[in-house]
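Input: a single structure, listed below in structure tokens.
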Amino acid sequence: MDAAAVARLVPGLALALPRVPHRGLLGEVRATSAGSALELHDFRAYQPGDDLRQVDWNAVARTGELVLRIRQDEVSPRVEVVLDGSRSMALSPRKAACAREVALLTAEVAARQGLSPTLLVAGARPERAQGQACRAALEAADFDARDGLPESLGRLPPLRPCGLRVVVSDFLFEADLPALCARLARGASGLFLAQVLDAEDLDPAGGDGARLVDSESGAALEELLTDEVLAAYTRRFAEHQRGLRGAALRARGALLTARAQDALGALVAGSLRPLFLAAGAL
Amino acid sequence: MSFGFPWGLLALGALVPLVAAYFLRRRQKPVVVSALFLWRRPSPRAEAGPRWERFTREASLLLEVLAVVAAALFLADVRWGDSARVRHLVLVVDGSLSMSARGPDGVTVLEQVRREAAARVESEEATQVTLLASGGTPRMLAGPEAEPSRALAALESFLAQGADHDPMPTLIWAQELAGAGRRVAFFTDVPPVNAALVPASVRWTALGTARGNVALVSAQRRDEGPTATVTLRVARFGEAPEEVDVRVRALPGAGAKAGTERVERVQLPEEGTATVRLTFQEAGDVEVSLPDDALPEDGQVRLPPAPMRPIAVALAQGLGAPEQTALERFLAVSPEVARGAEGSATDGVLVLGPPGTDARVTVGAGGAPRTFVGPFFSEKGHPLLDDVQLAGVRWTAGDNPPGKPLVSAGDAVLVSEEADGRVHVNVDLSRSNVQRVSAWPVLLSNLVREARRTREGFPRRQLMLGEPLPVVTLAGARYTLVGPGGSRPVFGAGEVTLSPPTGPGAYSLERDGDVVDTAQVLALDARESDLRERGSAEVPAREAGEDDAGGNAPGRARWPLVLLLAALVADFYLTRRETPGAPGASAASTGGAS
């Protein structure tokens, strides 16, 4: 993991938070809950138990009805970074490093942005870290889960409501992708699926013949890597990507595919651009 | 399914490195992938599991195995089902001595037959050959249904030395071996006397040439003491020299220091034979040779010593004085008779004794004597009574002896024979005149002759080709006849006539592994030496056999070759790789990056 590159990028970046109310500790971002902020959010009829201080007496005078002013809290939204800890993420050292860098960059940028980053490592042994502990947790993360992300999520603590959820994975597993994306989007105001793929995932080199071994399950497949087989892989990979992208969109999320071999700066300026904005753009 | 060249199946050995390479290749390169499910095809495929399952589902390996198998089948000349190209050819070769005759070019008929047979096997693309040699006893030289190379090799080492014979039994046997509708090829040196009598499925090929010839038609050697008498008969057939030099060479015998060689110039009549008789002292083997001509084999014989084997005769004690005197007087003048030990009764000795003893022949009369002057009744045709004339004989007999009567007068049995061969001569010589007439030595000579006939071994030591081989065996022993062509058991006891030997040479009779006697079969047969009627002819088979249908049968089956090429092309198509710049390759490399 190139922590120096992450450190260089953090000052100039900010997370692209969704323009919807958030939840979280007291902060600067408009919350979904009614609060005492100055910014008016809405009006509604008074209900017993409401704070009488929020009654808009001018409206009462105009209409003769009790109308309540609803103001939203300004919160510091939580940012959850979920890192897939399955073995396929360590298909190559570069893929593992890239996944760590994306997760660290997200957490660091969030922290600098005043958000509360939480890192969840969905590995064989689930890990949870917050704030400055994220870096150490990432450095210690082992990609050792012998199953895919859907199964690893079951071992994690329940995902809490948050402002932004960034899931770093290769998303190369057989699963009900719409259901997975809906699960990941639940409770989150925004969802980014950061897909880190190795060059061999994108463009397998093939060979004379090979015994293909699944990195997670260890299942093997005898296959002669002919052009037809490689083309079929490419077809099925494209179909998988289309399905994943569609599922992410239906969950109001976004799929960002990062090529592990690219430098982090290039990724930020390229395929991860929807997640990382220039700091001045906010 | 059959194979014309089974050695071609050795090509299947290529499967071993092929399969080994397959497993080694698989083992050498495990490739870890992120998502195995993206590599799977819609149809279920073998994952990690038993190697055999993966083996059977690997299309490339199967195609390569198929190619190897097809190549092996092609090399092995596979024949399949109805299209199996099994062509069975039955060849019959005349085994008579005249097949060894040389033509004007010095090539023997048998050599021409070898060439013709090889050409016939090749032209008819025979895959199985049965080779028979005709003769008095047909022989199978190769087969049944032997490989052509083996059959031709057997023909190459075959020597035609048989006697004149009728080939029809051999041809009929060949027809049965060939099967219905199949033709038989017969190679000989003489055209058929009547082509209509040749079996319909036999193709008769005569390759002989009419030649003149001088030959020995008989040779005999007789050894009496140190003197060997050789009697030769030389015949001239056709255009042959009127005079020939008969060269007779006697090798030194046991007591001689040097051999003897004589050359006798013999005038040969137009028709008939000339006889040559030579004597040698203390001679070993005698070699007789005529100048080489069309058939040198019938001008050369080798005569080993053939000493007479005298019959041992012993007189038992108890004989009356007249009987003993009469018997000794006969034995004194009888040739080939040796006196055995007095009173001995060992095996192989003809014992003469008085009545009441266990002698083989009893002479004498007991009881009340009765004298007869006739008429005498004799068992007609009995060998003991050959030429025994009893006219004018006064025969005094006693009580009737046991056994079957051979000579009787009234109710008196004069000569009888028991079932075990014992002979009783019921005569009182003191009152008879039998011993003073010719019937007496004739009767005794017949007794000695019968004893000689029943003596173990070969009654004749020198035989011509085609003559049956008489042999005498004893009951209760196991005999084997050993000759140039091998050995065969001799069944039966007593006088046994064996079928004519198949070839010339020395034949020995063995009893329980010990040689008992030896006889010589000479390569002499006047009918085979007469080459005037030999000639060449080609008599096709009158029946069109099934062989004709396949006259233009294709050679090696082509379908394994087609299968081999198809498997190779399919394997190449399956494992082909496009160049990196090909459209398919570029699409594969960029498809997942979007």
Side-chain angles (χ1 to χ4, degrees), chain A residues 86-92 95 148 169-175 195-242 245 257-259 262 271, chain B residues 18 21-64 570-594:
Chain A
S86 62
R87 299 178 65 165
S88 65
M89 294 300 291
L91 183 68
S92 68
K95 185 177 180 181
S169 172
D170 57 6
F171 293 100
L172 295 179
F173 40 75
E174 275 187 300
Q195 186 183 32
V196 180
L197 294 177
D198 191 71
E200 281 295 310
D201 297 331
L202 291 165
D203 184 17
D208 294 335
R211 184 166 180 258
L212 302 176
V213 179
D214 191 90
S215 57
E216 294 166 3
S217 65
L221 176 68
E222 301 290 352
E223 189 59 87
L224 200 64
L225 298 186
T226 63
D227 286 339
E228 282 186 358
V229 173
L230 294 174
Y233 173 85
T234 303
R235 258 193 330 271
R236 284 190 287 274
F237 179 77
E239 290 172 6
H240 178 78
Q241 291 296 98
R242 275 197 300 275
R245 185 172 293 108
T257 300
R259 185 191 296 266
D262 293 346
S271 57
Chain B
L18 180 66
Y22 165 75
F23 283 108
L24 287 176
R25 186 177 59 186
R26 290 292 179 265
R27 188 171 297 175
Q28 281 173 349
K29 194 178 180 182
V31 175
V32 179
V33 296
S34 297
L36 193 65
F37 71 97
L38 292 177
W39 293 97
R40 290 198 184 100
R41 299 184 181 184
S43 58
R45 293 184 58 81
E47 297 185 4
R51 289 192 179 279
W52 175 249
E53 187 178 358
R54 280 182 283 146
F55 168 80
T56 54
R57 297 188 182 186
E58 182 56 60
S60 174
L61 177 65
L62 286 180
L63 287 172
E64 290 166 6
D571 189 48
F572 175 77
Y573 178 79
L574 191 67
T575 59
R576 77 189 193 285
R577 293 191 62 83
E578 297 178 2
T579 57
S586 61
S589 62
T590 59
S594 58

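Chain identifiers are assigned alphabetically (A, B, ...) following the order of the sequence lines, protein sequences preceding nucleic acid strands; residue numbering begins at 1 within each chain. All of these numbers come straight from a predicted model, not from anything done at the bench. Values below: all heavy atoms of this structure, side chains included; hydrogens, waters and symmetry mates excluded.
Taking all atoms of both residues into account, the shortest heavy-atom contact from Ala219(A) to Leu36(B) is O-CD2, 3.5 Å. Residues Leu172(A) and Phe37(B) approach most closely at C-CE2, 3.8 Å, considering heavy atoms.
Note that OG of Ser34(B) is 7.5 Å distant from CD of Glu216(A), once rounded to the nearest 0.5 Å. Distance check: Leu38(B) CG to Arg235(A) CZ gives 12.0 Å after rounding to the nearest 0.5 Å.
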